[in-house]
Each structure stands twice: as structure tokens, then as C-alpha cells.
2 protein chains.
Amino acid sequence: MSNAYNRPDQLSPELRRRVLDTARRLGYPGPDPVARSLRTRKAGAVGLLLTENLSYAFRDPAALGFLEGLALACEGAGQGLHLVPVNPEREDVAAVHRAGVDGFVVYSVPDDDPHLAAVLSRPVPTVVADQPIVDGVDRVGIDDRAAITRLAQHLITLGHRRVGVVCMRLARDRNDGFAAVDRQEAAHFHVQRARLAGIADAFGPAGVEWARIPVVERFDHTTASGASAAGQLLDSDPGLTAIIATSDILALGAITEARRRGLRVPQDLTVTGFDGIPEGERIGLTTVRQPVLEKGRAAGRLLLGTPDPTRPREVTLDTELVQGTTASTPRTTEERWFGP
Amino acid sequence: MSNAYNRPDQLSPELRRRVLDTARRLGYPGPDPVARSLRTRKAGAVGLLLTENLSYAFRDPAALGFLEGLALACEGAGQGLHLVPVNPEREDVAAVHRAGVDGFVVYSVPDDDPHLAAVLSRPVPTVVADQPIVDGVDRVGIDDRAAITRLAQHLITLGHRRVGVVCMRLARDRNDGFAAVDRQEAAHFHVQRARLAGIADAFGPAGVEWARIPVVERFDHTTASGASAAGQLLDSDPGLTAIIATSDILALGAITEARRRGLRVPQDLTVTGFDGIPEGERIGLTTVRQPVLEKGRAAGRLLLGTPDPTRPREVTLDTELVQGTTASTPRTTEERWFGP
DNA sequence: TGGACTGACCGTAACGGTTCAGAACCGCCG
DNA sequence: CGGCGGTTCTGAACCGTTACGGTCAGTCCA
């Protein structure tokens, strides 16, 4: 029976025809994929775990790029892509245990996320992306810290000293407001923690004490969040010459808010982002471009490729500083040159 | 054992603890999801079949909206979303047979697609979206024909008579060029066929013979395709006053091409789209807005909801004519009124 | 004291494929 | 005619779980 479907060479054409015939007559719908998976120990799919609602991934351009790259890799290997449903409110890990997959890709979840723990407890290969290193699992990412240091140094070169920072959520609990250093250092999102540290790396040597640079955190990753966070920064210190956002989405919101307040970008306020999303490119956002699609593809390849004996592998992709038109010398310097 | 994990009420806490303890000691990784699925006859996931490369879905805003809505519905029901890998070149249906899912959603594939046939041969519930009705499966969609008829009538009211049409692929074979009526009528993509018919419905009564309206087809659904198709139309008849595209993506490309030729939109050329994607809204594209997210959600609900005894169900969602700024009275009429 | 009842626990039979060993068969040669 | 190499076919074991029925001990009431 099985042979009739999958191994035509193992039996005579005549018997095969007869088997298939009676199968059809009996209404047999073909081999059951689940039973086959049980026996062969192959599900033919990789699971993807995202921290946010599944649908969030379809809104965030960076996540989307990652998804596209991963899908590309899966497609190439004939593997399905199983999106694991996660309800960030309820800590329901059952979905992770129920997913019939041959491996997991975990994208940007907090390091204390129970779903991540659940994935690691499953006896299947796992690749994490934009995450800190976990014991022995493969990892793909960029050097967030060094990348944003370069960007910050660029601002320092331009003359900025009074800057504010807008960042994404640092932990699973909602904290829409200022984030002190202790919260920053305890951050559970590796990417955000690294980016903040990278900014500090640049400003410290420039004589700006990091603890005095205001950092505003937002739980939701939307342009509206970026706008309100920028507003909060400017309210607390109208003398800021630059706002560094840890994502393009937040930066776009900050620009909107600046304009709303009658501030010209970059003449009155410099704004920078991180990611290099198309919307940012369109308006000439100064940012760090990271190869999101490549990242997804690398994650897929890492998972689906032959499991190298030199376990845990790590792929770090290159980034590029994009000097757009939203950063310039600060107003004060400018005024010094041209008068107020 | 099973009870220890899933039915704490079925055994004493003491025994449960002991079982779990020894399980851990033996390195038991928890119940195997595949075996569980085999036994319970539930995979906990729905399959999604798209005609294009998986990664295409992440580029096309309309598909993306559908995906988001579907993901939302799955999430709500705690179901995973299994994206079936399809290589449009090779007709490899195996992936459909290998997918361990409780049901399928089929989105906008040609009605003669072997993958669709493979899905229908599987003994699981199926919902098709933007497809013609298949025997006894649920369906969700819009009234493409009536919706675009309204749009076309709007153009007729404005005074347009010499129009050209840009449409997406009509069949699985590549045909980048004019599509005669016979090809239109034999189209395997229900949505495209319906939209062309809808345009004909409007222009026929207005005294414009449909067969004389040039229709240009493009295989790839990109703005570049829209641009080249518009170019082909304008080359063949520079006197066109309007271009009707069957999607916003194509319309955006057509606008780019018009501008490149020094034609102002809408003063020199009216361009309309279909879908109501954000990029179109931003530039004020005249189009038909369809609730793509709702469509995805409806598909998910149809599949996951209680299977109504009144089988095949059908959900038709409403559309809205968006009178943007890319359509106006045609140049010739204008000139008649104001002089050249 | 005995019978009915309750609750905890355990053994076993599917679920539906794949795989593999060995049976059956066939023709051929010594 | 027996043995042998080869192919085709059959049967049974196994994958890991859940559902179900049965055993057993303990409790309650007549």
C-alpha cells in the first residue's frame, strides 16, 4: 500500500494499478501525513516563534523582511512554515508543545519568555535570531552594539551632545516612560539592551555621562509610540538637539511629532532610526540598515542545512550606516556660525 | 503518563509528581506532538495555500492583509498557521499531501491549479478565498464584478470612452502582452476574469464595444509590470484618456509610467486601481477598497467555526468605491470646455 | 459483615503509516 | 530433480500517544 504510493519501483505495475484502483473505490484519501510523520520522524515544517501576536509580524517591516527570508529558505527546502500562535497576554505555552515541526526559529523574544523555554525543552534543533546566545543553539543576528555606536559617533562628530533616546520595550511588563539605567541593564530584550549599550559606548568617551541621557521606553512598537515618546523627551528637555530611536518605526513617529511642534528636521532636530525599512528610505532617514531578509534566510539555512558537527554556529551579518537627510549639525552650532 | 501531563485531575498529586520526576530523570522531553495528533486526529494547525512563492505573500499588500486577518483568526482559536511551500515552476504537489493540518485555506490560485486539486482531494475542510465556487467547499470573497462595474461607471460619468485596461495574469502560462477576448473568457483566475467582465458590464451599455477596449496582461504582479503595461497601452493608443488597472500595485506602476512620459495624472490621464492598499491611499488613488483583513479573518472563522450543517457557506464582503484624486474628466472634454 | 459504590491506578488497543525480514514464486543451471 | 539467485509480495513490528475499560482498595450504609 505504502509502496504503491511512494515506491513504484518496489512492485509490479500491475499490482500497483490494482492497489490504487481499489483504494480509490474504497474512498481512500491517500496516506495520512500525520501518521507518516510519526513513523518517519519528519514533520516537513519548521516552527516560527514570535513574541508578538502573529499578526504583528505582518505589520512590522523588519519582522516582515525576516519572515520573507525565512519563507524563501523553507520554500527552497520544500519545508512548510508553521507559525506558532502566541497570545502574549496569557502565558499559554501549549501551542509550542503541540506544534508538529522538525525545528524552531525564534525571533526576537525576551530572554525570559516562557515560550522560548518551551521551545528549548523540545528535542528539536533551534535557531534564535536577534537573541542572546543560549547554551548550545545556533544563532543569527547582527552586531547591534557596534552598529549603533557608529551611528552615535556620527552624531557626535556632527556636534551633538544633548541627545535623547527612544527605545522599544525592554521587558515583558509595560513601562511607557523613562527607563533608568538599572532597567536598561536588566532589559530582557537583547537587541534593545545592546543598542542602548552601543549608544553609551559612543557618548561616554565624548564626555557625555550616559546616566544623564534620557531614555524613554515604549511598549508598543508603532509610529504613534515613537511620536509620544519623542514628545515626552522634548517636554522634559526642549534643548535636545537629537533624538536617537532604536528602530525606524519609532524614528518615523518622532519625526512626525517634531514637525507637529514646528521643529524642522534636521535643522532644528536631528532624528535617527535603526533597521533600514523602505518607509524610512523614502524620506531619507539617517539610520543603520540591516539585511533583514538575509537574516531570515540565514536562519532557515542554519536550521535546514546539515547540522554541522561544530555545534553552536553563529552567523553575524553586516550592517551599513545610512547617512540620510534627517541628521545634521545641531542648531546651536549652526546658530554659532550663522547667528540666531 | 499522558494523564500526568494533561489530566492532573485524573490522578493524585503525589503520583503525578513522581511520574513527572522520573520522566525528567529519564530525559523524557514531553509528549510528542505528532503522535498526539495521530491519536487525537487533530493537528492544531490550518494550512494556507497560495499560488505564488511563499515569500510573495509578504510583498503584496493585499495578500498580506489577508494573511494578517487569517493569522488573527488562528491566533484566536489557538491554531497554528502552516504555510504550504509551493514552487510555481515545478508542479510538486507533495507538499500539500505532507502538511499535517486540520483544514486548508486556499487563496487566489488559478482554478486549474494542481495544488488546489490536491487540497480538495484531502479529507479535511477547506475554505477558498477569491476563487470561483468549487463543489461543496466554503468560500469567502467580494463581488469583484459589481464592484469594478461601479468604478467603471464612475469613469463613464466623468466622460471617459477611450480607456485601456491593465490586468494581472489570467492563466498559469506567461503572457506579457495584449489579451484578446477569448483569452479573457478562458481566464483561470476567477478574480481577474470577474473584474474584466465587470468593466465590460459598464462600458457595453455606454456604447463602447468591449472587444475594442485594449487589455494588457502581465504575469508578474509588480509596479514595474504596471508601468510597462501602461507603456504598452499608451504606445498602441496615445489617445487613451484613462487606464483601469485591476490592482492598486499595477495602477501605481501605471502612474509612474504616465509621469515618466510627462503626462499629468489625472489632468492628462486618469488611472484607477483595485484593492485599497495603503500606498494607494497615500497618493489618493481612485480605487475600490476591499476589506482584505476581514476577508482573511472570515476565512479563518469559516474554517475554524462549527461546521454548519447548511454546508457550503459563502461570505461576500462589501467593497467601497474610493473617489481619490487620480481620476477626473478627460482631457478632451476639458479642452472642449476651457479651450486647449 | 456484606454488598454497592467511589476513586485511583493500570494495561491495552487502536490511530495509520513505513520498514524490513522473510515467504513465495519463477526461471535456470548443474 | 534439487538447489540457487533473483524478484515480487505479505505480514508483523514499531513510531508515541490517548481513550477506554477493568482491577483493586477503601468507604459507606443497611
Side-chain angles (χ1 to χ4, degrees), chain A residues 1-45 47 78-80 82 84 93-104 118-119 121-125, chain B residues 1-45 47 78-80 82 84 93-104 118-119 121-125:
Chain A
M1 170 60 111
S2 172
N3 288 338
Y5 277 87
N6 311 316
R7 297 276 199 63
D9 53 315
Q10 292 295 305
L11 68 179
S12 65
E14 200 281 336
L15 177 65
R16 177 177 148 87
R17 194 190 49 70
R18 234 177 53 224
V19 169
L20 261 40
D21 255 21
T22 49
R24 186 165 27 248
R25 197 159 41 71
L26 263 44
Y28 174 72
D32 180 308
V34 176
R36 181 209 304 263
S37 289
L38 173 62
R39 184 65 240 242
T40 61
R41 322 251 53 185
K42 297 230 160 315
Q79 299 289 300
H82 181 118
V84 178
V93 169
V96 173
H97 287 125
R98 267 213 313 266
V101 297
D102 298 325
F104 279 99
V119 165
S121 80
R122 293 264 315 254
V124 293
Chain B
M1 170 60 111
S2 170
N3 289 337
Y5 278 89
N6 311 316
R7 294 281 202 52
D9 54 313
Q10 292 295 305
L11 68 177
S12 65
E14 199 279 337
L15 177 67
R16 178 178 146 87
R17 194 190 48 71
R18 232 178 55 227
V19 168
L20 259 43
D21 255 21
T22 47
R24 188 166 24 249
R25 196 158 43 71
L26 264 47
Y28 173 72
D32 180 307
V34 176
R36 183 211 302 266
S37 288
L38 173 61
R39 181 67 239 238
T40 61
R41 323 249 50 185
K42 297 230 160 318
Q79 298 289 301
H82 181 118
V84 178
V93 168
V96 172
H97 287 125
R98 266 213 311 266
V101 296
D102 298 325
F104 279 100
V119 165
S121 80
R122 293 265 313 252
V124 293

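In what follows, chains carry the letters A, B, and so on, assigned in the order in which the sequence lines appear, proteins first and then strands, with residues in each chain numbered from 1. A quick note: this is a predicted structure, and the numbers were derived from the prediction, not measured.
- At least one donor-acceptor pair under 3.5 Å links the side chain of A/Arg122 to the backbone N or O of A/Ala99.
- Using a 4.0 Å heavy-atom distance criterion, A/Tyr5 is classed as making no nucleic acid contact.
- Atom OH in B/Tyr28 sits roughly 13 Å away from atom P in D/dC15 (whole-Å rounding).
- Between A/Arg41 and B/Asp32 a salt bridge is recorded (basic side-chain N to carboxylate O distance below 4.0 Å).
- Side chain B/Arg39 to base D/dA19: no donor-acceptor pair is found below 3.5 Å.
- For A/Asn3, whose side chain is taken as the heavy atoms from C-beta onward, the closest listed nucleotide among D/dT17, C/dT19, C/dG17 is C/dT19.
- In this structure, of C/dG17, D/dC15, C/dT18, it is C/dG17 that holds the atom nearest to the side chain of A/Asp32.
- Side chain of A/Arg41, nearest nucleotide from D/dT17, C/dT18, D/dG16: D/dG16.
- Rounded to an integer number of Å, the gap from B/Lys42 NZ to D/dA19 P is 11 Å.
- Considering only the side chain of A/Leu38, D/dG16 comes nearest among D/dT18, C/dC15, D/dG16.
- Closest non-hydrogen pair, B/Gly44 versus B/Gln79, comes out as C-OE1, 3.2 Å.
- A salt bridge links B/Arg24 with B/Asp21: the distance from a Lys NZ or Arg NE/NH1/NH2 to an Asp or Glu carboxylate oxygen falls below 4.0 Å.
- The nearest heavy atom of DNA chain C to B/Arg18 and to A/Pro29 marks one nucleotide each, and the one closer to the 5' end goes with B/Arg18.
- The base of D/dT17 does not come close enough to the side chain of B/Arg36 for any donor and acceptor atom to sit less than 3.5 Å apart.
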